[in-house]
Amino acid sequence: MKRFLLILSFFIGIYVSAQEELKKDSVVVDTVKYWSVLGKNTVMLNQAAFSNWVGGGANNVGWLAGINYNMTYEKENDLWENIVIMGYGQNDTKGLGIRKTQDVLNVSTNYGRKFSKSWYFSLGAGIQSQFAPGYEDGNNPEAKKISNFMAPGYVNVGMGITYRPNDDLTVTLRPTNARWTFVLDKSLQLAGNYGLKNDGDSSLLQFGFLGTAIYKVKIMEDIHLTNTASVFSNYLDRPDRLVLAYGALLNLKVNKYISSNISLDLLYDHNQIEKTQLKQTLGIGFAYTLDNGVKRSDRKDSQWWIKK
């Protein structure tokens, strides 16, 4: 939890710096802003209480907090997109105690140089992990620990091409991508854990192909669906064992400050477990969306289709 708050404070600092850049750009170019910041801050609550209820049930209360920011710099042929996704949640159930319900840390950056309309040569990096320990029996601290902060943690660095015809679709293909798996918790540094070759190893290097995609759909007014997907193939060892991930986030906006989120995550990684992993969450609560900056599709200087 302390790591979550520390990293959250760090990115708030980045956001403040971006705001300063927005102000500078607005002074120089009047209405055109090269920085576009789109962010969502959420705090979701859930609660259930029972008294003499024949159907059974246990009193519980839970919370979930998260941020989802997209900070994009676009000027002429340059495109630099930064994505920050962090979330953490807990549930306190009578008789079971406190359990973790959400734990995600995902930060990525991708720089592209346009070479043809919506196509860019790109170079990018990303990090994925979690904030708190995970346990085999539903995050029960008395059960066997199976994960922790940067255990595993994944760092990707690679280059390739990016296709981005509009703000709703981004596809990046990296035929050259280095993927490091880190296991920094000594108690988890065992041969076979997350692909580690030997006891005591703290990292594993893979090199291969990485493809990622983000597709946003407006289903109807105030109902939006964001799809994310990725695939990784390791050239060096069993390239047929693909690491596959898919995520769907359905946002139902009630008003400016209240919304409901439904999320679904699917993951298959042979080095973690030889089964498909699934996570689903539902929450309703406070949500504040920040939209500061002119989108690329609204700017005349980037609308190549109307240029003569």
Side-chain angles (χ1 to χ4, degrees), residues 1-12 42 44 62-68 83-93 96-109 125-157 178-206 210 228 230 232 234 237 241 243-247 263-281 283:
M1 185 59 187
K2 291 181 179 178
R3 295 191 185 98
F4 176 73
L5 295 175
L6 179 62
I7 297 176
L8 179 60
S9 300
F10 173 74
F11 282 106
I12 288 175
T42 58
M44 302 289 182
W63 65 274
L64 186 152
I67 64 171
N68 189 328
I83 297 175
V84 179
I85 301 173
M86 296 191 295
Y88 192 83
Q90 293 178 321
N91 184 278
D92 188 357
T93 302
L96 293 177
I98 298 175
R99 298 288 189 269
K100 180 173 64 173
T101 57
Q102 176 78 302
D103 192 356
V104 60
L105 168 63
N106 190 341
V107 180
S108 64
T109 183
I127 180 171
Q128 292 177 294
S129 188
Q130 62 192 59
F131 293 99
Y135 299 90
E136 194 171 59
D137 181 20
N139 295 311
N140 177 5
E142 297 180 0
K144 178 183 177 182
K145 181 166 61 175
I146 56 176
S147 61
N148 205 343
F149 176 70
M150 289 304 289
Y154 299 99
V155 175
N156 284 284
V157 179
R179 183 178 191 252
W180 283 273
T181 301
F182 290 94
V183 183
L184 302 186
D185 187 320
K186 293 184 180 298
S187 66
L188 299 175
Q189 294 174 356
L190 304 173
N193 260 13
Y194 303 109
L196 296 180
K197 301 300 183 182
N198 305 290
D199 290 349
D201 286 352
S202 60
S203 65
L204 171 70
L205 172 62
Q206 297 173 301
L210 176 66
T228 59
S230 68
F232 176 77
N234 180 21
D237 183 24
R241 289 181 176 174
V243 179
L244 303 169
Y246 169 76
S263 69
L264 173 69
D265 292 282
L266 297 171
L267 172 65
Y268 181 83
D269 186 344
H270 187 88
N271 285 336
Q272 290 191 10
I273 183 174
E274 296 180 35
K275 295 180 181 179
T276 300
Q277 302 178 51
L278 181 147
K279 180 180 68 175
Q280 185 273 323
T281 63

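Both backbone and side-chain heavy atoms feed into the values below; hydrogens, waters and symmetry mates do not. Since we're looking at a predicted model, the values are computed, not measured.
- At a threshold of 4.5 Å between non-hydrogen side-chain atoms, the residues Trp180 and Val157 count as touching.
- Of the candidates Met86, Met150, Gln128, Leu105 forms a side chain to side chain contact (heavy atoms under 4.5 Å, CB included) with just one, namely Met86.
- With contacts defined as side-chain heavy-atom distances shorter than 4.5 Å, the pair Gln206/Asn271 qualifies.
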Practice task
With side-chain contact (heavy atoms from CB on, under 4.5 Å) as the test, would you mind laying out the steps for His270 and Val243 before giving the verdict?
Solution key: CA-CA 7 Å; His270 187 88; Val243 179; over 6 Å; no

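- Classification of Lys145 and Asp185 as a salt-bridged pair holds, one side-chain N sitting under 4.0 Å from a carboxylate O.
- Within the model, atoms CG of Leu210 and CZ of Phe232 stand 7.0 Å from one another, a figure rounded to the nearest 0.5 Å.
- Counting heavy-atom neighbours within 6.0 Å of Lys279 NZ, excluding the residue itself, gives a total above 12.
- Note that CG of Leu266 is 7.5 Å distant from OG1 of Thr276, once rounded to the nearest 0.5 Å.
- Here Asn148 contributes atom CG and Ser187 contributes atom OG; the two are 7.5 Å apart, rounded to the nearest 0.5 Å.
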Problem - side-chain contact (heavy atoms from CB on, under 4.5 Å) evaluation trace for Lys275 with Tyr268 - result: CA-CA 7 Å; Lys275 295 180 181 179; Tyr268 181 83; 5.7 Å; no

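- We find that Asp237 and Lys197 are joined by a salt bridge, their nearest charged nitrogen and carboxylate oxygen being less than 4.0 Å apart.
- Annotation: the span from Ile83 atom CD1 to Asn106 atom CG amounts to 8.0 Å, rounded to 0.5 Å.
- Closest approach of Leu204 to Tyr194, counting heavy atoms only: CD2-O, 4.0 Å.
- In this structure the side chain of Leu196 never reaches within 4.5 angstrom of the side chain of Leu190, judged on heavy atoms.
- For the residue pair Gln130/Ser147, the side-chain donor-acceptor check at 3.5 Å is satisfied.
- Taking the six-membered ring for Trp and thresholds of 30 and 60 degrees, Phe131 and Phe149 have nearly parallel ring planes, at less than 30 degrees apart.
- Checked by atom type, the side-chain pair Asn91/Thr93 shows a donor-acceptor distance below 3.5 Å.
- When all heavy atoms of Gln272 and Pro152 are compared, the pair lying nearest together is NE2-CG, 4.3 Å.
- At distances below 3.5 Å, at least one donor-acceptor pair connects side-chain atoms of Lys100 with backbone N or O atoms of Ala132.
- Taking a cutoff of 4.0 Å between a charged side-chain nitrogen and a carboxylate oxygen, Asp269 and Arg179 qualify as a salt bridge.
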Practice task
Output, in order, the C-alpha distance, side-chain angles, deciding distance and verdict of side-chain contact (heavy atoms from CB on, under 4.5 Å) for Val183 and Asn193.
Solution key: CA-CA 9 Å; Val183 183; Asn193 260 13; 5.7 Å; no

Handout entry: Derivation and outcome, side-chain contact (heavy atoms from CB on, under 4.5 Å), residues Gln90 and Arg99
Key = CA-CA 6 Å; Gln90 293 178 321; Arg99 298 288 189 269; over 6 Å; no

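- Contact detail for Ser129 and Ala151: the closest heavy-atom pair is OG-N, 4.3 Å.
- Separation of atoms OG1 (Thr101) and CG (Leu64) is listed at 5.5 Å; rounding is to 0.5 Å.
- For the residue pair Asp265 and Gly247, the shortest heavy atom distance occurs at OD1-CA, 3.8 Å.
- Taking OH of Tyr88 as the start and CG of Asp103 as the end, the distance is 5.5 Å to the nearest 0.5 Å.
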